[in-house]
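Below: one structure, written as structure tokens.
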There are 2 protein chains.
Amino acid sequence: MSDDPDPGLPSVAPAAWLIRKLKSTAQISARDCADIENLSFTVRTFGGRTSIVHEGDVPKQCCLVMDGWAYRCRSLANGQRQIFAFYVPGDIPDIESLHLHVMDQGLVAIAQTTVAFVAHSDMRALIERNTSLAMALWRDTLIDATRCRERVISLGRRQAVGRMAHLFCEMYIRLRTVGVADDFRYVLPLTQAELADALGLSSVHANRSLQELRKLGFVTLHRRELIIHDWDGLETVAEFDPAYLHIV
Amino acid sequence: MSDDPDPGLPSVAPAAWLIRKLKSTAQISARDCADIENLSFTVRTFGGRTSIVHEGDVPKQCCLVMDGWAYRCRSLANGQRQIFAFYVPGDIPDIESLHLHVMDQGLVAIAQTTVAFVAHSDMRALIERNTSLAMALWRDTLIDATRCRERVISLGRRQAVGRMAHLFCEMYIRLRTVGVADDFRYVLPLTQAELADALGLSSVHANRSLQELRKLGFVTLHRRELIIHDWDGLETVAEFDPAYLHIV
DNA sequence: CTTTCACTCCATCATAAGTTAAATCGCGCA
DNA sequence: TGCGCGATTTAACTTATGATGGAGTGAAAG
């Protein structure tokens, strides 16, 4: 889709992101780092709300988020959408495409988003050669699955306000882990309609829930910046326990 | 928990289940089969509604379902429960425990359920030695994640009747794939309260939705046997598309 | 045969969330 | 400065689902 290829960029930065991310959830050796740094990346920047991978595509490469956010989503017959997960710097949203060839969901860039592509063939070679790194990547996909299960609990058993609070908590922890957030604030590049699609709500009710969190004094959200004023309060209404993120 | 150890049973059957399952979603070589058959399994039978693995446990083994069903679930502060996924013969519900050490959910046997345990150490040795099998197992965990995402869509964007229909469709396809269901009928060993916990509903509303499916003439459910009278109708209200199960 | 128990089913009322539409805000742009 | 457009906010109303309590049912146990 839309993009501006940056063929001239050095491919050191992407490796650093991936290393930082993997180190946050697993033990990574010097050899693993070297192997990651030897990968060859192609960096591209996508404009807001453009598709990185389409539903039904058969990708030949994985992508690594370097800047901005991306999300996976699927559209339904009646025009509704469901956003499954958000991906932030260091994440590889479509690593599963190594094993499951046709993408059953689309991958979309929110706002301006920079990603680095790695060829499947390179990833496969790496995985064959370096078992410990393969295990770390497998582990990463398993953590992605635990986040998905947490989403199931949210949608199944939490009310709208709790769901939203939970998402705000999770994203803060994840962003802070890779050094993109601090001091209980971060850039949340989502419209309320997108929040609604992620939380299984209508956009009107997403707005109501957000107001509720503001009225409680837990957060403010203004000009795409989320500020958490009362972490403990937010954590409580969310019933948030970061254990499922498996951050070491 | 409850159980009757059967130390005398030969360990051929468990391997056969696993092989059948993996063959349904990936290419499995003769060498892979041989390696699976060389694993040593410990078979145990659990009574109805007993815990196989507790929330918070640090298991030293994986379990393979051979007969019956199991589910993963978590309880919330207010006493509500969420069931994340059901597991049927051939499935390894807790293969993730190889990489994520503390179980953040419990694993429960429904009705009488027979499982086979394999020591983590044996699984790790196998994975190190046989890369192609490791990839097949990784792939299997990724398919588990796609099922989880489908659950997210259900809870987020489908109404109660559609959610239930979707579950009925998924379980039929999965059971048929491993040869445990046929002819549009199968044993559904769940109470309506358990159905509700899986679908994010109250048990009263699960009952209403079930009545609705009966009234539409799509299914009957009597004495734990589900009969699908109108597959196309069920598939339509469910918006069910089996692609996400990645059955080859 | 009775008792018990778990499950199913049903009626009623309460409430969270969806729908629609319109008003308002904020920002980029002419 | 004022226009235009998307995003946010508010309101009025509808609907799906939750909560409670109680009545049927059937199988197992005594």
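No experiment lies behind these values; they were computed from the predicted model shown. No hydrogens, no waters, no symmetry mates; every other heavy atom, side chains included, goes into these values. Every chain is numbered from 1, with letters handed out A, B, ... down the list of sequences.
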A correct 5'-to-3' footprint of nucleotides 15-20 of chain D, with B, S and - meaning base, sugar-phosphate only and no protein heavy atom under 4.0 Å, is -SBBBB
Heavy-atom contacts, protein to nucleotides 22-30 of chain D, under 4.0 Å, summarised as B (base), S (sugar-phosphate only) or - (none) per nt, yield -----S---
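Protein atom CD of A:Glu194 is 12 Å distant from nucleotide atom C1' of D:dG6, rounded to whole Å.
Between A:Ser24 and A:Thr177, the side chains place no donor N or O within less than 3.5 Å of an acceptor N or O (distance only, hydrogens not considered). In the model, B:Thr220 has a side-chain atom that pairs as donor or acceptor with a side-chain atom of B:His229 under 3.5 Å.
Annotation: side chain of A:Trp231 is in contact with side chain of A:Cys169 (closest heavy-atom distance under 4.5 Å). Contact annotation: the side chain of B:Asp67 never approaches that of B:Thr113 to less than 4.5 Å [non-hydrogen atoms, C-beta and beyond]. Here the side chains of A:Phe86 and A:Ile83 are in contact, with some heavy-atom distance below 4.5 Å.
Counting only residues at least two apart or in different chains, side chain to side chain donor-acceptor pair (under 3.5 Å) contacts with residues 77-88 of chain B comprise B:Tyr71-B:Arg81, B:Arg72-B:Tyr87, B:Arg81-B:Asp197, B:Tyr87-B:Asp144.
Using a 4.0 Å cut-off between a side-chain N of Lys or Arg and a carboxylate O of Asp or Glu, A:Glu239 and A:Arg157 do not qualify as a salt bridge. Note on B:Glu170 versus B:Arg151: no salt bridge recorded, every NZ/NE/NH1/NH2 to OD/OE distance being 4.0 Å or above. Of the charged side-chain nitrogens involved, at least one lies within less than 4.0 Å of a carboxylate oxygen, so that B:Lys21 and B:Asp91 count as a salt-bridged pair.
Here B:Arg49 lies out of heavy-atom contact (under 4.0 Å) with every strand.
For the side chain to side chain contact (heavy atoms under 4.5 Å, CB included) criterion with A:Trp69, the lone passing option out of A:Leu175, A:Val187, A:Val108, A:Val180 is A:Leu175.
Summary of helix geometry: the two end axes of the helix from C:dC1-D:dG30 to C:dA30-D:dT1, each defined by five base pairs via their C1' atoms, are inclined to each other by 30° (rounded to 10°).
Reading DNA chain C from its 5' end, the first and the last nucleotide to sit under 4.0 Å from a heavy atom of chain A are C:dA16 to C:dC27.
Under the side-chain contact (heavy atoms from CB on, under 4.5 Å) criterion, A:Ala165 pairs with A:Leu213, A:Leu234, A:Val237, A:Ala238, not counting sequence neighbours.
Classification of the A:Phe240-A:His166 ring pair by plane angle, with boundaries at 30° and 60°, yields perpendicular. Relative orientation of the B:Tyr172 and B:Tyr186 rings is parallel, given thresholds of 30° and 60° on the angle between their planes.
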